[in-house]
Amino acid sequence: MPFVQSNGARIHWEAQGSGTPVLLIMGHLYSSRMWYPLLPALTRHHRAIWFDNRGTGDSDTTPGVTIEQFAADALAVLEAAGERSAHVYGVSMGGGIAAEFAMAYPERTRSVTLGCTMLKTEKTRMRGAQKLIYGLPRWLVRAMFKRAKPEAYGSAAPREAALHDIGVLSRDRFTMAGVRAQALAIAAYATTTERARDRMTMPVLVLHGDEDKAVPVEKGRELHAIIPGSRYVEFKGAGHNYLVADNAGSTAAFLDFVAAADRARGGE
């Protein structure tokens, strides 16, 4: 099981497949295990590199982490994997980390895909309900996951796929201190539209479900409008987890985008 040290934390990462490298960044609370809907198709022709954000999976939990630090962890993983650059794909909080990675390290970013996320331009505060949840014991939070409804995945989501995902999530590894630190990092983060326009000059793909309750679809459309030349794909009847709600459509959209980006680079 490979690990890399990154600014005081041990980060667990893995890689599979061969070909153009793709760095995957998962969202809030989830470990990298939750990339399972994409990996079978991705690893046929690409080298997938994925890692557990601090507070999840087998990575360390550290207080006071920032979105910038998560992006630096991603860079440490990329270097540990022996890659100079990669296509970067993040979802939800991972989409925010991917955007920060692309803005901070554009020379390391062949393309960036921003899924079910937004460009956060204002610092915020954790809401009361969030504070309550992060104070609960982990066993109770796991029990809440098990009672999740398949309907939350969107009206077009296959019921069996949603039920399977609920089961995988209910067994996923995290610490309550870690996910609280992630939530605080999200709240404390802000960037600017000007920085996004200036720094994200690589190919950009924005993916969003039109029934997303966590990050409303309007935020995805705004993100697409902010970044000149970005490509936008919206999944009808998909909730926040479009990887499950429309696995075939979202996988095809991403792989087609990466193939086009590679062709534009001359197959580098």
Side-chain angles (χ1 to χ4, degrees), residues 22 24-46 48 50 87-99 111-120 129 141-172 186 203-227 230-261:
V22 176
L24 302 172
I25 309 178
M26 185 41 68
H28 175 57
L29 191 148
Y30 292 7
S31 79
S32 60
R33 184 184 184 194
M34 302 309 293
W35 280 109
Y36 75 89
L38 175 66
L39 288 176
L42 177 60
T43 54
R44 289 191 193 112
H45 302 290
H46 299 278
W50 63 95
H87 299 284
V88 181
Y89 184 2
V91 290
S92 197
M93 179 189 80
I97 297 169
S111 73
V112 61
T113 298
L114 309 174
C116 52
T117 194
M118 59 184 285
L119 189 71
K120 193 165 180 288
V141 175
R142 286 188 183 278
M144 292 167 62
F145 292 157
K146 290 180 180 179
R147 292 197 296 270
K149 302 295 183 184
E151 292 75 18
Y153 286 74
S155 60
R159 182 175 178 82
E160 288 304 313
L163 288 171
H164 175 74
D165 194 71
I166 289 168
V168 175
L169 176 58
S170 69
R171 299 186 298 273
D172 201 30
I186 295 169
V204 178
L205 173 64
V206 178
L207 303 176
H208 222 103
D210 70 350
E211 294 181 11
D212 193 330
K213 299 297 191 295
V215 181
V217 66
E218 290 78 16
K219 295 297 183 181
R221 295 168 184 166
E222 289 174 8
L223 179 56
H224 166 54
I226 286 169
I227 304 171
S230 61
R231 181 179 176 187
Y232 180 72
V233 181
E234 192 169 292
F235 305 108
K236 186 173 178 58
H240 192 56
N241 194 339
Y242 63 77
L243 289 167
V244 171
D246 190 351
N247 180 252
S250 60
T251 298
F254 175 66
L255 293 179
D256 289 348
F257 168 73
V258 168

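Quick caveat, the model's predicted, so the values are computed rather than measured.
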Enquirer: Hey, are the side chains of W50 and V22 touching, using non-hydrogen atoms and a 4.5 Å cut-off?
Expert: no
Enquirer: Quick one: pull up CG in L169 and OG in S31 and give me the separation to the nearest 0.5 Å.
Expert: 9.0 Å
Enquirer: Which pair of heavy atoms, one from A245 and one from G239, lies closest together, and at what distance?
Expert: CB-N, 4.2 Å
Enquirer: Do any side-chain atoms of residues 35-43 form donor-acceptor pairs under 3.5 angstrom with protein atoms, and if so which ones, sequence neighbours left out?
Expert:
from: Y36; atom 1: OH; to: D165; atom 2: OD1; distance (Å): 2.7
from: T43; atom 1: OG1; to: L39; atom 2: O; distance (Å): 2.8

Enquirer: Can you tell me how far OG of S92 sits from CG of L243, rounded to the nearest 0.5 angstrom?
Expert: 10.5 Å
Enquirer: What distance do E218 atom CD and L223 atom CG have between them, rounded to the nearest 0.5 Å?
Expert: 13.5 Å
Enquirer: For the atom pair NE2 (H46) and CZ (F254), what is the distance rounded to the nearest 0.5 Å?
Expert: 7.0 Å
Enquirer: Provide the closest heavy-atom pair for Y242 versus G115 in the form atom of the first, atom of the second, distance.
Expert: OH-CA, 3.2 Å
Enquirer: State, to 0.1 Å, how close P150 and L163 come at their nearest heavy-atom pair, and which atoms those are.
Expert: CG-CD2, 3.5 Å
Enquirer: So, do Y232 and R221 sit near enough that their side-chain heavy atoms are less than 4.5 Å apart?
Expert: yes
Enquirer: For residues G96 and T117, report the shortest heavy-atom separation together with the two atoms involved.
Expert: N-OG1, 3.5 Å
Enquirer: State the CD-NE2 distance between E234 and H224, to the nearest 0.5 angstrom.
Expert: 10.5 Å
Enquirer: Begin with the C-alpha distance, continue with both residues' side-chain angles, and end with the deciding distance and a verdict on side chain to side chain contact (heavy atoms under 4.5 Å, CB included) for D246 and Y153.
Expert: CA-CA 10 Å; D246 190 351; Y153 286 74; over 6 Å; no
Enquirer: Please report the closest heavy-atom contact between A48 and L24, naming both atoms and the distance.
Expert: CB-CD1, 4.5 Å
Enquirer: Could you list the residues that satisfy ring pair (Phe, Tyr, Trp, His ring centres under 6.0 Å) with F257, not counting sequence neighbours?
Expert: none
Enquirer: Give a yes or no answer on whether the side chain of T251 reaches the backbone of A248 with a donor-acceptor pair at less than 3.5 Å.
Expert: no
Enquirer: Are any of the side-chain heavy atoms of H240 and V215 separated by less than 4.5 Å?
Expert: yes
Enquirer: Hey, are H87 and T113 close enough side-chain-wise for a donor-acceptor pair under 3.5 Å?
Expert: no
Enquirer: Hey, is the main chain of G237 close enough, under 3.5 Å, to the side chain of D210 for a donor-acceptor pair?
Expert: yes
Enquirer: To the nearest 0.5 Å, what is the distance between CD on E222 and CD1 on I227?
Expert: 12.0 Å
Enquirer: Passes side chain to side chain contact (heavy atoms under 4.5 Å, CB included), E151 versus R159? Steps please.
Expert: CA-CA 8 Å; E151 292 75 18; R159 182 175 178 82; 3.4 Å; yes
Enquirer: Hey, is NZ on K120 packed in by over 12 heavy atoms from elsewhere, all under 6.0 Å?
Expert: yes
Enquirer: Show the numbers, then the answer: is there a side chain to side chain contact (heavy atoms under 4.5 Å, CB included) between L205 and L114?
Expert: CA-CA 6 Å; L205 173 64; L114 309 174; over 6 Å; no
Enquirer: Please check: side-chain N/O of E211 versus main-chain N/O of S155, any donor-acceptor pairing under 3.5 Å?
Expert: yes
Enquirer: Between V206 and R231, does a side chain to side chain contact (heavy atoms under 4.5 Å, CB included) hold up when you go through it step by step?
Expert: CA-CA 6 Å; V206 178; R231 181 179 176 187; over 6 Å; no
Enquirer: Indicate the atoms forming the closest heavy-atom contact of A98 with G90, along with that distance.
Expert: CB-N, 3.9 Å
